[in-house]
Structures are given as C-alpha cells and as structure tokens.
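Quick notes on the structure that follows.
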Number of protein chains: 2
Amino acid sequence: MKIKSFLNYLNENNIKKAVILKKENINYFLERYPPTFSILVFDVKHDRAVLKVPKLEYRGALTYKNKYLDIELFEKIEEVFKGCDGVEDSLPLKFLKYLDNYKIISDKIREMRRIKNSKEIGLIQKAAKISDKAIEHATELILNTDKPITECELAAEIEYIMKKEGSIKPSFDTIAVSDKKTALPHSMPSSNTIKNILLMDIGAVYEGYHSDITRTVILNQDKRYKDIYNLVNSAKTEAEAYLKEGVSVKELDSIARKSMGKYEKYFIHSLGHGVGVEIHEEPAVSSKVKEDIILKEGMVITIEPGIYLDDFGVRIEDLYLVKRNGFKKLSNAKIMEY
Amino acid sequence: MKIKSFLNYLNENNIKKAVILKKENINYFLERYPPTFSILVFDVKHDRAVLKVPKLEYRGALTYKNKYLDIELFEKIEEVFKGCDGVEDSLPLKFLKYLDNYKIISDKIREMRRIKNSKEIGLIQKAAKISDKAIEHATELILNTDKPITECELAAEIEYIMKKEGSIKPSFDTIAVSDKKTALPHSMPSSNTIKNILLMDIGAVYEGYHSDITRTVILNQDKRYKDIYNLVNSAKTEAEAYLKEGVSVKELDSIARKSMGKYEKYFIHSLGHGVGVEIHEEPAVSSKVKEDIILKEGMVITIEPGIYLDDFGVRIEDLYLVKRNGFKKLSNAKIMEY
C-alpha cells in the first residue's frame, strides 16, 4: 500500500511530518482524482495520512477515507505546516516561512511513481481506451465527409467523445492541426479548414491517470507526405523492437533517431516520456537526460517519433507498458498505412 | 503597456532581472495564451523582456515578438536564473539553488492583475459569451428531451459547444450534477441520469482568459426547490444592488449572506472571486479575507450565492465588470424563474 510504504520511508529518513500540495502527487497516493484544494499530510508519529479539505469539499471527501487515510477539515495553513519537516521540491516559495528545517521528499515520490501497480495500469488503460475511441472517431469523420471541418471543430469532436466516455478533462490542450501547421509540433487548433495532412495528439484523464496518443492522417496524394510518414512509422517500429525491461532510455531514443538517416535532424524532440498522474513524468525517454534510466517492468511510456519539415510534419505516438520480455501496447487506435 | 510598466516597477525597486515561470502570469503579460514550457524574463538593464521557449515551440512563438518582447531559445535553466533577483512566490523550492538574494514580485503582479484593461475585458467577454451559449444549450437540451441524459453526457455537450466556439479548455472541471449531488458544491459529473434538480457550474478559456457561470434548473415541482432557488436568486439580486466601485468585498459578501436569513448557515463558501487569467484571483469577494478590498472600476468578479441542504443545493452565479456607478454583466445566459 502506497501510503503505508511512504510512511515507512519517512520514518526511516527521520521525517516526522510531510505535507503534499501537488495535486498529482495527492492523486498518486489516493489512486483517485482528489477533491479540489486538498492537502495530504503524512503524520509519521501516528502512522497515518490525513487529507485536509475545505468545508465545501468535506462531505464529498468522506468517501476517500480508508484504513490509512483520515479526512479532516482544512482550517489554517499554519496548522498544516506545524512541525512539517518534509516537503516537495515543487512547494511554492511562499510557504517557506512556515518551515524550519526540512528535507525534500520529491525524489522518492518520483521514483515510486515510475513503476505502476495493477490498479494504476487499469486506470491508464481505461484512459487509453477513451482516447483510442476519440481519435478513431475523428479519423473516420475526416475521411468520410465532404463537408469542410475546422481544426477547432475536430478538436471539439475529440473532446466530446472523451468527456462522454468518462474522461475528466483532456490530458493536455488537444492538438488537431492540419496542413502547414503540422510543421509545428505543438500548435493549437484554429478556425482553419482541415486539408492536406492532419496531425492529432490527444489524451484522456481517468481518475487522474493520463493517456497520450498521436495519429497523422494524409488527406491527399502527395508523395512527400507518404515518404516521411513511412519513415516516422518505421522509426517507431524500430524502437518497439527494442522495447523491454533492461533497455536504457538513451539507447531507445538513439535507435529511433538513427533509423531516420538524413532526416534525424528534423526530429526535434525526445522519443517519449513516462505517463501516469502527469502527462509527462519519469522516465523521460531521451538521449539528453543527465542520468540514464534503465526501463523496468511496470513503467508506462510513450514512443513518439516525429519529423518536422518546413511545410509539414508527421508524428505517430503510442503508449506502452514495459514488460520483462517486451511490452503491452496500451493505446490501440488503428494506424493508417500509406 | 504592461511589460514596460512592470520593467519600470522593477527598476524603481532595484530589481535587475525577474524570472516568471507561472503560466498565468506569462499569459497576463502577453495578453495571449503562451507557448508550452515558456519562461518570461524581465531584463531591466536592457529594458526588455524575453520569452524563452524550447526548440519545438520556437517557430510558433515568433508571432509573439513585439517592441518590448524578444523570443529566444531556451537552453539552460542555470542561464535563465543567472543574475535573477526577482521571483514569484509560487516559484518551486527546487529553483532556490540558483538564487542568491531575491525579492518577491508576486504582490505587484497580483495587484496589477486586479484591474483589467480593455483588451483583457474583451477576452473575458468573449469567454463569457462562449459559456453563455453552452449553458443555454444544455438547459434547453435538458428541458426539451424525454430521453435520459447522464451528468457526463451533459458535461460533454457543454464542453463540446465551448470547444467548438473557440475555448481552449474548460476553465475548471465542468460541474453538471443533479439530484442529491447538488448538495455538494463541487461534485463531479457521473453516469447518473439527470433528474429532479440540475446544477451546472462552467467556464470557458479564451486566449487564457476565463469565464465563470452557474445555473440551477429545477426539473420537478418540489416546492422546497423553488423556495431555496428564489432565496438564492434574491441574495444575488441583493448583492447586485450594491455592486459598484467603492464597495468593500466584505460588505458585499455580508449583504448577500444576511439576506438569506436562517439559511445563512447553509451558504458555506464565499460570495465570489476575481476572474482573469486564473479562475480564482484577486479580489476574493469574501467576509473572511484578512485585508478588506475596495472594489474598483475594471475589476472582474463573480457573485455566486449558494445554499446547500442535506438532499439538494442551489447556486446561481454571474460574472461582472465593476464600473464607477454600477457594473456591466459579462455573463448573460437566461436565469430561470420559478
């Protein structure tokens, strides 16, 4: 149990009281989307955690109570930090005045968060199924209509499906862009009509756990689109062939990158990233990380090679659970072949 | 011009270089939704601001360039903080190691953000029109259908309309809950079928500027619903009658609260809050604030009285621009009468 094992960690490290403000970390310990404005306090002396919630959340929060977790009314922030000697490295400076000596507990939480338990995998899988459904719906829509559709309209369709299927919110600002805008890895949907080539990068959030998937769809017969598409797709397949426990993230990134030959220089971001209660978390799947990370069973990562030329770009991305001898693909929307 | 006037403020306060990491503050200075992972640096010596963006955002960010704002590639975080002596109070502790002596610049930014300029008012108004449209659509849908609709489905409809109309994302997790769940001010939509009474609290985001609106819709003939609804609605009208420049936030909150008579104790949150690049910003419209704030022309606030009983709750909320002699209502969706 996460809460209990973190209490043990704190005890072993002589931390008496830790305060967690970061919503994603609270989500991680609860394995459930937390109430608004809640604070998680680890009280090592009493071997328990307390979720502090404001008055207007109190009744709703009572369902979170369990053996290791009490629910209490938040009153004063001074009270919450009283005796606190363990904080996150994301703690805003303004709380420093409540602290005397403190240790940073974020490294331990980041390390714990790298490996997903079966409940977390289930939640990510649920999120991934939702984004699969949405991206397939959008693909069919764009391929089977003669009506002009704008980028904003398609993004709205995608988010509608996700919300209806139970996603709390999009995992990040939904990308559904076409034509020259695909040359920018993170551009935002506009009122432009979709044409020529479409790039969709989307994610769902289920009980606070994220998914992430990208599909590119070619809408005309331009051979340049197809050539780049196939190069990106085979870089992804190349990486998949090496993906399993024991492989280093630097190595995996390099394999995909090198497979692009002279187009390597147009692959201007890293190969992938961990996914969980945040859309980007450890391990970064990148050749640029300071300390290399060896993939382990239970990690959930994306592989998302992309090539961005002057007038268009292609990215294809899936979500993977790392296994001892390979991986399980968590996102399974159809990948177009050209 | 905000950037120039903030440079002047820094200069007067002997701050040579300020680093802004908080996305909402960057949005405030740009008056536009910022590129992902961008950092805003105020370089007082050279009387300019620089937006640092990662490689994959660089091309897209060039459109942000103006007389006072340069766009540069982000390379090293150490570089960004080199010589920095002005930071936000929200700065995560992990960056402390790059700082020597520093001053906190957040109070000034919060103060600046209280008063909206005409461009900002236009953006908030645009966001408010989007949420008006969505909440009216949802109200009509629920009143004119015999088909069962779940809370999640209705939330999906609302967000779909908002997205299609150009909202980047919902301003906060959309609330569309019914029956007993309305008793909890912030509960989340579920797969429950909507019945008896419906509470929708929603907002849109346009170029980073937020809107906020709540409507309650009664779906049966229960007299208790109507009585409480009318009490809440008249508390809102009461507050509106006093709303103008010069009124204190404590006073405004008290006026609405007292008008509820014996139901005052079921009004378990504050009357309202400022709205801008964040959904909750200054001024808080509350009797509980430490320091009272006097409303000024150009402030944008919500008024949102609510009463939450054991088995249901009612909240009605609108968004207002404070004027010298009154206010301009920025949200204008129809309010049901019972």
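All values below were derived from every heavy atom in this structure, side-chain atoms included, with hydrogens, water molecules and symmetry-related copies excluded. Order of the sequence lines sets the chain letters (A, B, ...), proteins ahead of strands, with each chain counted from 1.
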Tell me whether [X] contacts the main-chain N or O of [Y] through its side chain, where contact means a donor paired with an acceptor under 3.5 Å.
| X | Y | answer |
| --- | --- | --- |
| B:Ser211 | B:Ala204 | yes |
| B:Ser171 | B:Val205 | no |
| A:Lys163 | A:Ile168 | yes |
| A:Asp253 | A:Leu271 | yes |
| B:Thr302 | B:Gly272 | no |

Counting heavy-atom pairs under 4.5 Å with chain A, which one of B:Ala155, B:Gly166, B:Pro54, B:Pro185 comes out on top? B:Pro185
Between B:Asp173, B:Leu184, B:Ile268, the one whose heavy-atom pairs under 4.5 Å with chain A are most numerous: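 Highest number of heavy-atom pairs under 4.5 Å: B:Asp173.
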Specify which of A:Lys169, A:Lys55, A:Glu157 makes the most heavy-atom pairs with chain B at under 4.5 Å. A:Glu157
Under 4.5 Å heavy-atom distance to chain B, tell me which part of A:Lys164 shows up: side chain, backbone, both or neither. both
Heavy-atom cut-off 4.5 Å, strictly under: side chain, backbone, both or neither for A:Glu57 against chain B? side chain
Tell me, side chain or backbone of [X] under 4.5 Å from chain A's heavy atoms, or both, or neither?
| X | value |
| --- | --- |
| B:Tyr33 | side chain |
| B:Ile104 | side chain |
| B:Phe267 | neither |
| B:Ser187 | neither |
| B:His269 | side chain |

Do any of residues 88-96 of chain A come closer than 4.5 Å to chain B, heavy atom to heavy atom, and if so which ones, in number order? A:Glu88, A:Asp89, A:Ser90, A:Leu91, A:Pro92, A:Leu93, A:Lys94, A:Leu96
B:Phe312 atom CZ, over 12 foreign heavy atoms within 6.0 Å: yes
Within 6.0 Å of NZ in A:Lys23, more than 12 heavy atoms from elsewhere: yes
Rounded distance (nearest 0.5 Å) linking atom CD1 of B:Ile39 with atom NZ of B:Lys52: 8.5 Å
Find out whether A:Glu304 and A:His273 are in side-chain contact, i.e. whether some heavy atom of one side chain is under 4.5 Å from a heavy atom of the other. yes
Check ion pair A:Glu278-A:Arg113 (N to O, under 4.0 angstrom):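 A salt bridge links A:Glu278 with A:Arg113.
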Aromatic centroids of A:His280 and A:Phe172 separated by under 6.0 Å: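 Between A:Phe172 and A:His280, the centre distance exceeds or equals 6.0 Å.
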